[in-house]
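Positions are given from 1, in the same order as the sequence printed here. For ligands, and for the atoms within them, numbers begin at 1 and follow the listed sequence.
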Amino acid sequence: MEALEPTTSDEAVASTTTPDAPIINLMDYEALARAQMTATFWDYYAGAADDEVTLHANRAAFRRLWLRPRSLVNVKTCDLRATALGAPISMPILAAPTALHGLARPEGECATAAGVGAAGTLMVVSSSASRRIEEIAEAASGPLWYQLYIGGFAESEARVRRAEAAGYRAIVLTTDLPRLGHRERDLRNHLGFDSITSLRMQGAEDVEIAPEDFVGDALTWETIDWVRSITSLPILVKGILTAEDALLALEHGVAAIIVSNHGGRQLDGAIPSMEALPEVIAAVNGRVEVYVDGGVRRGTDVLKALALGARAVLVGRPILWGLAARGAEGVSDVLGILRAELDRAMALAGRPTLADIDATLVRRSREEWTHP
Ligand SMILES: Cc1cc2nc3c(=O)[nH]c(=O)nc-3n(C[C@H](O)[C@H](O)[C@H](O)COP(=O)(O)O)c2cc1C
């Protein structure tokens with residue numbers, strides 16, 4: 001097997017370079033997945049828009065936050081149990097919606113749903129899944145939310161109704177894709193819309209862009225009212241990065257907000273999610289749940305996000321690494337590693353329950369600290 005280059009997401013953290021090296025952390029799964037995937041599919045998962053500045057900035061933002069641990073707190077048992085819109089979950093970590101799990105494994109999202117359920121948490125299923133809404137629901141053992149891209153109104157309505165009928169518990173309207181971001185790795189690999197379409201696995205429904213009747217670039221805040229008119233499920237918006245938009249989302253009656261820059265895949269130069277989180281938390285002022293995603297790779301990252309006020313985090317790429325490397329088992333293992341890391345971080349920080357995690361736990365440093 002050829003030697004692996006340093007991982008793209010976290011070069012400072014050593015990861016395995018041989019297939020039989022022990023799996024210790026998520027970056028080890030990244031290396032394993034990369035070794036098993038074709039370069040083109042790997043780039044589709046790993047890549048982001050333009051210069052990939054926001055992709056890397058998402059990680060860097062965590063490094064600017066320092067933890068202020070408390071001593072001599074009894075942390076014999078740490079309680080990680082949480083709820084997401086009322087659904088009990090084993091920990092405040094969810095699976096973000098990501099497209100085309102079929103590029104990692106033929107079972108695609110069915111395996112992911114089984115793995116996420118085994119870890120006791122919730123999966124957000126992408127509009128661009130490789131498997132049918134109903135099959136994923138059958139394979140799932142945990143709660144599911146359905147992420148919505150609105151290609152055309154009629155077909156979107158049909159998908160929302162199917163998701164509702166299949167038992168999905170919420171609709172996550174992604175707001176940061178009026179057009180597809182400029183993913184230059186995919187362009188160099190000639191992975192355009194047509195080739196993605198031709199790569200769809202059997203039973204695939206949709207892909208990340210719908211070229212013919214795509215209305216995503218004409219959506220407005222009123223679109224949330226339209227979604228409400230077609231479903232009784234709670235509606236979340238995903239892709240909010242400003243207090244202004246958080247307030248508009250509240251005006252339009254959303255049940256929750258996901259602070260996200262789409263893992264750097266849309267507007268390059270967009271503010272890192274963890275930098276945007278405090279202003280959204282302040283604007284929302286406890287009225288709805290606020291989630292965050294982008295660059296969560298460590299239990300300490302989760303701890304920092306919770307300290308800044310997030311209800312829970314979502315993880316995107318690491319779920320795909322687990323899936324590519326080891327199928328459903330890999331997905332649950334990735335989540336299990338994060339869970340163990342969060343548990344340890346809570347103990348070492350003297351914060352044994354989620355309620356103990358507050359803003360006094362973090363201090364922001366002015367400049368970024370980098371490994372020597
Ligand atoms: C390969 C890939 C596909 C994605 N597809 C979708 C999608 O279909 N819908 C969506 O709302 N977000 C999508 N996202 C964004 C994720 O939901 C999430 O915001 C992002 O991956 C979080 O950053 P992380 O990968 O650093 O954890 C995708 C991300 C990746 C990496």
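A salt bridge between Arg265 and Asp176 is absent, with no side-chain N of the basic residue lying under 4.0 Å from a carboxylate O of the acidic one. Classification of Glu30 and Arg34 as a salt-bridged pair fails, no side-chain N sitting under 4.0 Å from a carboxylate O. Checked for salt-bridge contact, Glu138 and Arg132 miss the test: no charged N lies under 4.0 Å from a carboxylate O.
The parts of Pro97 lying near ligand 1 are both backbone and side chain, judged by heavy-atom distances below 4.0 Å. At a heavy-atom distance under 4.0 Å, atoms from both the backbone and the side chain of His262 approach ligand 1. Contact annotation for Thr98 and ligand 1: heavy atoms of both the backbone and the side chain come within less than 4.0 Å of the ligand. Residue Arg59 does not touch ligand 1, judged by heavy-atom distances below 4.0 Å.
If you number the atoms of ligand 1 from 1 as listed, the ones under 4.0 Å from a heavy atom of Thr174 come out as 10 (C), 11 (O). The Ser260 neighbourhood of ligand 1 comprises atoms 19 (O), with distances under 4.0 Å to a heavy atom of that residue. Within ligand 1, the atoms closer than 4.0 Å to a non-hydrogen atom of Gly316 are 21 (O), 24 (P), 25 (O), 27 (O), numbered from 1 in the order shown. Listed by number with element, the atoms of ligand 1 under 4.0 Å from a non-hydrogen atom of Arg297 are 24 (P), 25 (O), 26 (O), 27 (O). Short contacts between ligand 1 and Gly263, defined as distances under 4.0 Å to a heavy atom of the residue, involve ligand atoms 19 (O), 20 (C), 23 (O). Close contacts of ligand 1 with Gly294, meaning ligand atoms under 4.0 Å from a residue heavy atom, involve 22 (C), 23 (O), 26 (O). Contact atoms of ligand 1 toward Gly295: 23 (O), 24 (P), 26 (O), 27 (O) (distance under 4.0 Å to a heavy atom of the residue).
Asp293 places no side-chain N or O within donor-acceptor distance of the main-chain N or O of Gly263, the cut-off being under 3.5 Å.
Looking only at atom types and distance, the side chain of Tyr146 has a donor-acceptor partner in the side chain of Arg159 under 3.5 Å away. Side chains of Thr40 and Asp43: a donor-acceptor N/O pair is absent below 3.5 angstrom, by distance only. Donor-acceptor pairing under 3.5 Å is lacking for the side chains of Arg63 and Ser365. For the residue pair Glu164 / Ser232, a side-chain donor-acceptor distance below 3.5 Å is found, with atom types taken as modelled.
Which of Ala95, Ala99, Ser126 comes nearest to atom 3 (C) of ligand 1 through a heavy atom is settled by distance: it is Ala99. Of all the listed residues (Gln147, Arg265, Arg317), Arg265 holds the heavy atom that lies closest to atom 1 (C) of ligand 1.
For Glu52, the CD atom sits in a packed shell: over 12 heavy atoms of surrounding residues, nucleotides or ligands are nearer than 6.0 Å.
Ligand 1 has at least one atom lying under 4.0 Å from a heavy atom of Asp293.
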